[in-house]
Colleague: 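Before we start, here is the structure in question, set down as structure tokens.
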Amino acid sequence: MDNMQAILDDITAKVTAMPDKGKVATYIPQLACVDPDQFGICVALPDGTVFSAGDAHTLFSIQSISKVFTTTMALGKLGDAIWKRVGREPSGDPFNSVVQLEMENGKPRNPFINAGAITVVDAIMMGHLPKETIAEILEFVRFIADDNTIAIDEKVAQSELLTGDRNASLAHFMASYGHFKNPVDYVLGAYFHHCSIAMTCEQLAKAALFLVSDGVNLSTGARVVSEQRARRINSLMMMCGHYDGSGEFAFRVGLPGKSGVGGGIMAVAPGKASISVWSPGLDRVGNSHLGTIALEMLTQRTGWSVFGH
């Protein structure tokens with residue numbers, strides 16, 4: 001891919017010139033003060049070769065992208081038993097909706113909406129304290145990204161704790177059905193912290209490499225999950241990775257991906273590359289506005305859509 005750098009430079013020039021950059025998330029105060037004019041993109045090839053452009057080395061809050069990592073951990077610890085507690089279907093509702101939970105007896109639709117991700121945290125805690133669970137999640141992310149400098153942004157974590165009433169209500173509602181095995185406050189503490197992991201585009205693209213090559217990060221030689229499990233995680237990202245914008249993302253970009261309200265998107269072109277983009281301004285459903293446009297341009301230029309050329 002000799003011209004990848006030129007492609008990324010061109011995409012970066014085009015999207016940063018666009019007047020509409022979306023709107024930053026305001027309901028988490030620490031995210032509300034992020035400069036919306038930033039844009040970064042990174043492509044990591046299976047051998048670990050990295051191409052990047054723009055603000056690809058600026059740390060940002062990965063937010064819901066972290067749900068891919070906790071879901072991967074839950075599959076490792078519990079196997080398919082996790083699906084007794086959380087579904088695998090798109091929700092069609094906003095990521096923090098309580099409506100569906102009431103209709104479906106407290107079982108979340110998928111692990112990538114907030115209620116599902118909170119349930120996943122309860123599943124992986126296994127009686128441990130929040131700080132132990134947070135440390136375990138962070139250790140896993142550092143392992144898959146092959147980078148021990150990755151850390152949690154404590155300011156964002158505190159900001160989430162102070163404004164997390166909706167998430168707390170989701171958790172207590174599910175607990176009222178007897179679904180939780182750990183204290184709700186413990187689960188929420190671990191959940192808010194894993195959403196507050198800060199990474200760069202380059203770190204995030206490297207962290208997704210195991211999903212490019214059937215569960216193995218070829219650049220480090222580490223098998224993270226089985227081949228079948230890697231494919232299932234990719235299928236979940238394709239169907240549910242962008243909340244109620246998942247269908248639109250599949251239509252436009254054609255790659256499994258996961259977004260976060262910090263403005264990041266992590267995407268996987270199976271067998272080809274992992275990609276991460278970051279631009280803090282969001283569209284109406286909470287996905288990075290410029291990030292989505294950039295990924296659409298990239299798949300058009302590379303032919304990487306999983307739906308063929």
Side-chain angles (χ1 to χ4, degrees), residues 8 11-42 52-68 93-97 112-114 117 150-168 170 191-205 207 241-246 248-249 252-253 257-267 275-298:
L8 296 189
I11 289 171
T12 301
K14 284 192 167 100
V15 298
T16 52
M18 291 176 177
D20 180 8
K21 292 180 168 53
K23 293 184 169 64
V24 295
T26 52
Y27 60 90
I28 301 171
Q30 277 299 122
L31 297 184
C33 52
V34 176
D35 176 6
D37 287 331
Q38 300 175 93
F39 173 85
I41 186 166
C42 180
S52 64
D55 301 301
H57 296 98
T58 302
L59 287 168
F60 62 91
S61 184
I62 68 169
Q63 293 293 317
S64 287
I65 300 169
S66 62
K67 296 170 183 175
V68 177
D93 284 321
F95 56 85
N96 57 0
S97 171
F112 295 156
I113 52 173
N114 291 17
I150 294 167
I152 287 164
D153 185 328
E154 285 295 340
K155 283 186 178 172
V156 174
Q158 291 310 310
S159 192
E160 295 215 31
L161 280 165
L162 291 171
T163 56
D165 289 341
R166 175 67 73 97
N167 286 317
L170 291 172
Y191 171 74
F192 290 137
H193 276 81
H194 84 61
C195 286
S196 303
I197 293 171
M199 294 172 76
T200 67
C201 285
E202 185 166 320
Q203 289 171 329
L204 197 54
H242 289 77
Y243 314 120
D244 42 338
S246 297
E248 180 72 6
F249 187 83
R252 288 173 58 188
V253 177
K258 182 73 198 85
S259 64
V261 294
I265 303 175
M266 178 179 80
I275 310 117
S276 69
V277 289
W278 171 60
S279 182
L282 309 178
D283 62 20
R284 59 177 185 79
V285 292
N287 301 316
S288 175
H289 177 64
L290 292 185
T292 304
I293 293 169
L295 285 168
E296 186 177 11
M297 288 179 176
L298 183 66

Colleague: Could you state the interatomic distance from CD1 (Ile113) to OG (Ser64), rounded to the nearest 0.5 Å?
Modeller: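 Answer for the CD1-OG pair, Ile113 versus Ser64, is 10.5 Å.
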Colleague: How far does OH of Tyr191 sit from CG of Asn167, to the nearest 0.5 angstrom?
Modeller: 4.5 Å
Colleague: Using the side chain to side chain donor-acceptor pair (under 3.5 Å) rule, take Thr200 and Glu202 through it: C-alpha gap first, then chi angles, then the decisive distance, then the call.
Modeller: CA-CA 5 Å; Thr200 67; Glu202 185 166 320; over 6 Å; no
Colleague: Between Val24 and Ala32, what is the shortest heavy-atom contact and its length?
Modeller: CG2-O, 3.7 Å
Colleague: Looking only at heavy atoms, which two atoms of Ser61 and Leu31 are closest? And how far apart?
Modeller: CB-CD2, 3.9 Å
Colleague: Would a distance-only check, ignoring hydrogens and angles, find a side-chain to backbone donor-acceptor pair under 3.5 Å from Ser279 to Asp37?
Modeller: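 A pair under 3.5 Å: no.
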Colleague: So which heavy atom on Val277 is nearest to which on Ala294, and how close?
Modeller: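 Taking Val277 first and Ala294 second, the nearest heavy atoms are CG1-CB, 4.4 Å.
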Colleague: Quick one: list whatever passes salt bridge (Lys or Arg N to Asp or Glu O under 4.0 Å) with Arg252, sequence neighbours left out.
Modeller: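 Result, salt bridge (Lys or Arg N to Asp or Glu O under 4.0 Å) vs Arg252: Glu296.
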Colleague: Give me the atom names and distance for the closest heavy-atom approach of Met199 to Ala207.
Modeller: CE-CB, 4.0 Å
Colleague: SG/Cys33 to CD1/Ile28 distance, rounded to the nearest 0.5 angstrom?
Modeller: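 These two atoms lie 11.5 Å from each other.
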Colleague: For residues Leu204 and Cys42, determine if any side-chain heavy atom of one lies less than 4.5 Å from a side-chain heavy atom of the other.
Modeller: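 A side-chain contact under 4.5 Å is absent here.
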Colleague: For the residue pair Ile293 and Val15, what are the closest heavy atoms and their distance?
Modeller: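 Closest heavy-atom pair between Ile293 and Val15: CG2-CG1, 4.0 Å.
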Colleague: Has the side chain of Ser159 got a donor or acceptor atom that lies under 3.5 Å from a matching backbone atom of Gln30?
Modeller: yes
Colleague: Determine yes or no for a side-chain-to-main-chain donor-acceptor pair under 3.5 angstrom, with Asp153 supplying the side chain and Ile197 the backbone.
Modeller: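 No, because the side chain of Asp153 does not come within donor-acceptor range (under 3.5 Å) of the backbone of Ile197.
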Colleague: Side chain of Ser66, backbone of His194: donor and acceptor closer than 3.5 Å?
Modeller: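 Checked: pair present.
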Colleague: Could you tell me whether the side chain of Trp278 and the main chain of Ile62 form a donor-acceptor pair under 3.5 Å?
Modeller: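 No, the answer is negative, given that no donor and acceptor are paired below the 3.5 Å cut-off.
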Colleague: Does a side-chain heavy-atom distance below 4.5 Å link Phe112 with Val68?
Modeller: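 Yes, close enough: below the 4.5 Å cut-off.
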Colleague: Nearest 0.5 Å, please: how far is CG in Asn287 from OG in Ser246?
Modeller: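 Between Ser246 OG and Asn287 CG, I get 7.5 Å after rounding to 0.5 Å.
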Colleague: Mind checking the CD1-CD1 spacing from Ile41 to Ile11? Nearest 0.5 Å is all I need.
Modeller: 5.0 Å
Colleague: Identify the two heavy atoms, one from Val285 and one from Tyr243, that lie closest to each other, and give their separation to 0.1 Å.
Modeller: O-CD1, 3.9 Å
Colleague: To the nearest 0.5 angstrom, please state how far the CG atom of Leu290 sits from the CG atom of Leu282.
Modeller: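 Rounded to the nearest 0.5 Å, the CG-CG separation comes out at 10.5 Å.
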Colleague: Does anything in residues 17-28 pair up under salt bridge (Lys or Arg N to Asp or Glu O under 4.0 Å), and if so which pairs, sequence neighbours excluded?
Modeller: none
Colleague: Could you give me the CA-CA distance, side-chain angles and deciding distance for Asp55 and Phe60, then say whether side chain to side chain contact (heavy atoms under 4.5 Å, CB included) is met?
Modeller: CA-CA 10 Å; Asp55 301 301; Phe60 62 91; over 6 Å; no
Colleague: Keeping Lys258 on the side-chain end and Met266 on the backbone end, is there a donor-acceptor pair under 3.5 Å?
Modeller: no
